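Everything numeric in this text was worked out from a predicted model, so none of it was measured. Letters go in sequence order (proteins before strands), and every chain restarts at 1.
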Number of protein chains: 2
Amino acid sequence: MTTSRTKPERGRNALGPALELVHTGRAPTRAVLTTELGVTRATAGAVAGELQTLGLITVDARPGAAAGSQGRPSHRLTIADDGPVALAAQIHADGFRVALVGLGGRIVATAPACGEVHPDPAVALTEAVAAGAALLRATGRRCVGAGLAVPSAVTEPDGIALNPLHLRWPAGSPVREIFTRCLEEAGVPVTGFCGNDVNLAALAEHRHGAGHGARDLLCVATGHRGVGGALVLDGRLHTGSAGLALEVGHLTVDPAGRPCHCGSRGCLDVETDPMALLEAAGREPGPDGSLLDQACALARAAGPAGTADENARGATRALIDRLARGLAGLVNILNPDRIVLGGLHRALLEADPGRLRAGVADHSLWGRSGSVSIVPGTLDHGSLVGAAELAWQPVLDDPSTVLRVRAAAGT
Amino acid sequence: MTTSRTKPERGRNALGPALELVHTGRAPTRAVLTTELGVTRATAGAVAGELQTLGLITVDARPGAAAGSQGRPSHRLTIADDGPVALAAQIHADGFRVALVGLGGRIVATAPACGEVHPDPAVALTEAVAAGAALLRATGRRCVGAGLAVPSAVTEPDGIALNPLHLRWPAGSPVREIFTRCLEEAGVPVTGFCGNDVNLAALAEHRHGAGHGARDLLCVATGHRGVGGALVLDGRLHTGSAGLALEVGHLTVDPAGRPCHCGSRGCLDVETDPMALLEAAGREPGPDGSLLDQACALARAAGPAGTADENARGATRALIDRLARGLAGLVNILNPDRIVLGGLHRALLEADPGRLRAGVADHSLWGRSGSVSIVPGTLDHGSLVGAAELAWQPVLDDPSTVLRVRAAAGT
DNA sequence: TCGCTTTGTCACCCTCATGAACAAAACGGC
DNA sequence: GCCGTTTTGTTCATGAGGGTGACAAAGCGA
């Protein structure tokens, strides 16, 4: 009796968690995988082998000799250089960006930046997807999925952009549906995902950036226009029951402040965005560089080592104080253990970290006892990497799905 | 060869989820258990049998003939009448309450209410635990654990009450530690758990009350003094990274409002608590009934069918409007799919549901498109039931732990 | 060179849930 | 009243999946 057993393939259930550990850089070796996963060495070995045969990771032939350690050195687990990628796109007020992103949040290839967004979402997304498809053809990589970041609240699970007004797109555009159709037409047969840009940046910061290891991570960022927030709880993006959570732009930070289009006064949105800083400093928006870049430059120059005039310093201080009020309100409600700031808010933090941190502590109820660390974001293109995370998620949940991924279009 | 296998005991891993389904009333029969658990009938049967031998549930001998259904009728799964209980205690500004709570949130026995709380937490908790131990002796029930609800922010995981000021307890009292010591001294050898009263009421409403089935549940309630909030996400209480989340009392709801001890003005806390309503209506606090009861009575009388004067109606409307502002702010940040109101807030909702709901929709950004249902709480003693939930949680996670529970003290 | 420590792998075993067959308990139609 | 039909509950063999313990491998230091 030849017991032709077809391969037991141990460690199937632990496959997803294992890949996530490698993906987020928390499992450099099989030994670490063993402890992090809470399984035996045998299982961890089987899991690593399985991920290797799936073409997602590689195991070093020669173990890297870790200095000062005893015992047999462990082979390093690295993300496969020629593994599959996700197609990621970010649309913002001043243009769009397209890239291929591998596991580990590594940007593998980038299309030339585009500085114009067509007011018809179908046209704009067709352009973006075409750029992505060209990248796939050029690199010959397989594609596991596609993700899109937009500066708008996006409903779940249907993926409708409620207010993509800075793009001059119609409110309520079914962005996910349009995106998926564009992918089909471009011959990229993958699922399309869609999310708010700040939410996705927060996800990316949590997995690969300044939010790494935080339990309750709050992100607040100015984009090119307005303010957005996001929350990552236990590694999962909290988008609320309908995807509309963390609409923080309309927290009141100055009851006597300027009127906001929402009908209230002194909202975080109008008090701490790029335009607010330029106006407060008595500057006109200059011709070169985006509004965001100009405001960031001004805030940085207002730091201790900076060269700004007293006007700019005063305006920056005022914005820091209002941001502190807004963050304190959020701390009282969400009690995060880390806050990552992006865009102009990041520049404000870097201009005077002490003032912002003290302001938040003063205005939050448990400022003294609760300990929240406030840090700047570290990713250059967080929204882009986060969009890729959406596309990667099904693979992280069940790595064997990569087997269903066909070769890139055009090969 | 007598293969003396010690009983295979199938369905061990699904035991916890199964008990939770019965506990929350979502699995009345084995057939439902099968579908809800996503397992086969064989497994569901084994699981039910195991829970039965653990003494947690009972299976009807005679199947209840469901009207109008085909096929063999299913036996009903009910919570065992003589099963173990949790010791639950709630301390509030005007006294404390102690009860034994079985699975399903059913209050099995209650100690006579006490109207005084000793300013030394150790003394007060000794009294409360003594009342609980007496109940255990009187009923002869086994005890799986003990839970305590206090009107204060409670840190996690150490269980320190940061501001139990309405109890005249010292700020920073290590309540969980004291509670555990009292249990030991009273001869109740179980673990003690501790939480904020509104948080626990929210948990109870989610599992057994008006919050049942909600994905993202927000609870806001006035206690006897002040305002508290709580959030239940995917069935788990969100208490933030340090247990200090949902400190909603100091949201600004009226920039020109009365000063609050927090240094700001027009906080939800001082604008919508019982005292605020009485003052706005031009009433002095009467001698009989707690402040909370008097305020609730006034609000109810101000409803459409009520008998209140114009002063009371105007004051009630004003409070409803301010509450609506506060809730809208929370909706913008948290995007819950349901809001459960308790205490005076519940009375305000019931006085004029339309006004409150419209107010929230008007002030929230997605009021029209997002759909949040706002409902009154349905549990009489939510905090007490919620405190019991804390004690039950280890059993819900792994029902076999009840085997380690010893008989009640004094038998 | 020999211990010592840690990593990786193999053969065997144990747990748990599945799937299929069978039995049980209702209902409806004739 | 008897017979299909439907749904529920149980029994038993099977298989997936991970644990266990022994052994080999690969470094370090004496």
Side-chain angles (χ1 to χ4, degrees), chain A residues 1 3-18 27-53 57-78 398-400, chain B residues 1 3-19 22 27-53 57-78 398-400:
Chain A
M1 292 279 196
T3 61
S4 75
R5 303 177 67 180
T6 59
K7 251 204 270 188
E9 289 302 14
R10 273 185 305 186
R12 289 277 289 273
N13 277 351
L15 221 53
T29 67
R30 269 179 285 214
V32 179
L33 197 61
T34 301
T35 60
E36 289 290 314
L37 232 42
V39 297
T40 58
R41 288 203 301 272
T43 307
V47 167
E50 180 74 9
L51 290 178
Q52 200 174 11
T53 61
I57 69 170
T58 51
V59 180
D60 276 10
R62 305 284 327 148
S69 73
Q70 296 194 53
R72 172 176 170 178
S74 198
H75 298 226
R76 298 201 74 77
L77 304 179
T78 51
D398 178 8
S400 66
Chain B
M1 291 282 196
T3 60
S4 75
R5 303 178 66 180
T6 58
K7 251 203 268 185
E9 293 300 15
R10 274 182 305 184
R12 288 276 288 275
N13 277 352
L15 221 53
L19 183 58
V22 177
T29 66
R30 269 180 285 214
V32 178
L33 196 61
T34 301
T35 60
E36 287 291 312
L37 232 43
V39 297
T40 58
R41 288 203 302 273
T43 306
V47 166
E50 180 74 9
L51 289 177
Q52 200 175 10
T53 61
I57 70 170
T58 53
V59 180
D60 277 11
R62 306 282 329 144
S69 73
Q70 297 194 58
R72 172 177 170 177
S74 198
H75 298 226
R76 296 201 75 77
L77 305 179
T78 52
D398 178 9
S400 65

| Whole-Å gap separating P (C:dT15) and CD (B:Glu50) | 14 Å

| query | Taking all non-hydrogen atoms of both residues, which atom of B:Ser74 and which atom of B:Ala31 are closest, and how far apart? | reply | OG-N, 3.9 Å

| request: Give the nucleotide from the list C:dC16, D:dG27, D:dG19 with an atom nearest to the side chain of A:Pro73. | output: D:dG27

| To the side chain of A:Asn13, which of C:dG8, D:dT11, D:dG17 is closest? | D:dG17

| task | Look at A:Ser74 and C:dT7 and indicate whether a side-chain polar atom (N or O) is within less than 4.0 Å of OP1 or OP2. | result | no

| task | For the pair A:Leu15 and A:Glu50, evaluate side chain to side chain contact (heavy atoms under 4.5 Å, CB included) and give the outcome as yes or no after the intermediate values. | result | CA-CA 8 Å; A:Leu15 221 53; A:Glu50 180 74 9; 3.6 Å; yes

| message | Is the phosphate of D:dG18 approached by A:Thr43 (side-chain N or O, under 4.0 Å from OP1 or OP2)? | response | no

| said: Output the rounded distance in Å from CG (B:Leu33) to C1' (D:dT7). | reply: 16 Å

| request: Could you state the atom-to-atom distance from CD of A:Gln70 to C1' of D:dC28 in whole Å? | output: 7 Å

| query | What distance do A:Arg41 atom CZ and A:Thr35 atom OG1 have between them, rounded to the nearest 0.5 Å? | reply | 12.0 Å

| message | Determine whether B:Arg76 and B:Thr58 satisfy the following criterion, side chain to side chain contact (heavy atoms under 4.5 Å, CB included), listing intermediate values before the conclusion. | response | CA-CA 8 Å; B:Arg76 296 201 75 77; B:Thr58 53; over 6 Å; no

| request: Walk me through it: do A:Thr34 and A:Thr40 pass the test side chain to side chain contact (heavy atoms under 4.5 Å, CB included)? | output: CA-CA 6 Å; A:Thr34 301; A:Thr40 58; 5.8 Å; no

| task | Between B:Thr34 and B:Gly71, name the one whose nearest nucleotide on DNA chain D is closer to the 5' end. | result | B:Gly71

| request: List the steps and the verdict of side chain to side chain contact (heavy atoms under 4.5 Å, CB included) for B:Gln52 and B:Leu77. | output: CA-CA 9 Å; B:Gln52 200 175 10; B:Leu77 305 179; over 6 Å; no

| Tell me: CG of A:Asp60 to P of D:dA26, nearest whole Å? | 15 Å

| request: Measure from the side-chain heavy atoms of A:His75 and tell me the nearest of C:dG19, C:dG8, D:dT8. | output: C:dG8

| query | B:Gly49 near the nucleic acid: base, sugar-phosphate alone, or nothing, with a heavy-atom cut-off under 4.0 Å? | reply | nothing

| request: Specify the residue among A:Arg41 and A:Arg72 whose closest nucleotide of DNA chain D lies further upstream toward the 5′ end. | output: A:Arg41

| Overall bend - the helix from C:dT1-D:dA30 to C:dC30-D:dG1, comparing terminal axes fitted on five pairs, nearest 10 degrees | 0°

| query | What's the CZ-P distance between B:Arg30 and C:dA25, to the nearest Å? | reply | 12 Å

| request: Identify which nucleotide among D:dT20, C:dA17, D:dG18 has an atom closest to any side-chain atom of A:Thr40, counting heavy atoms from C-beta outward. | output: D:dT20

| said: Distance check needed: C:dT7 C1' versus A:Leu77 CG, whole Å only. | reply: 12 Å

| query | For the pair made of CG in B:Leu37 and C1' in C:dC16, what is the distance, rounded to whole Å? | reply | 13 Å

| task | Looking only at non-hydrogen atoms, find the nearest pair between A:Pro17 and A:Leu37 and report the distance. | result | CB-CD1, 3.8 Å

| task | Provide, to the nearest angstrom, the distance between the CG atom belonging to A:Asp398 and the C1' atom belonging to D:dG17. | result | 15 Å

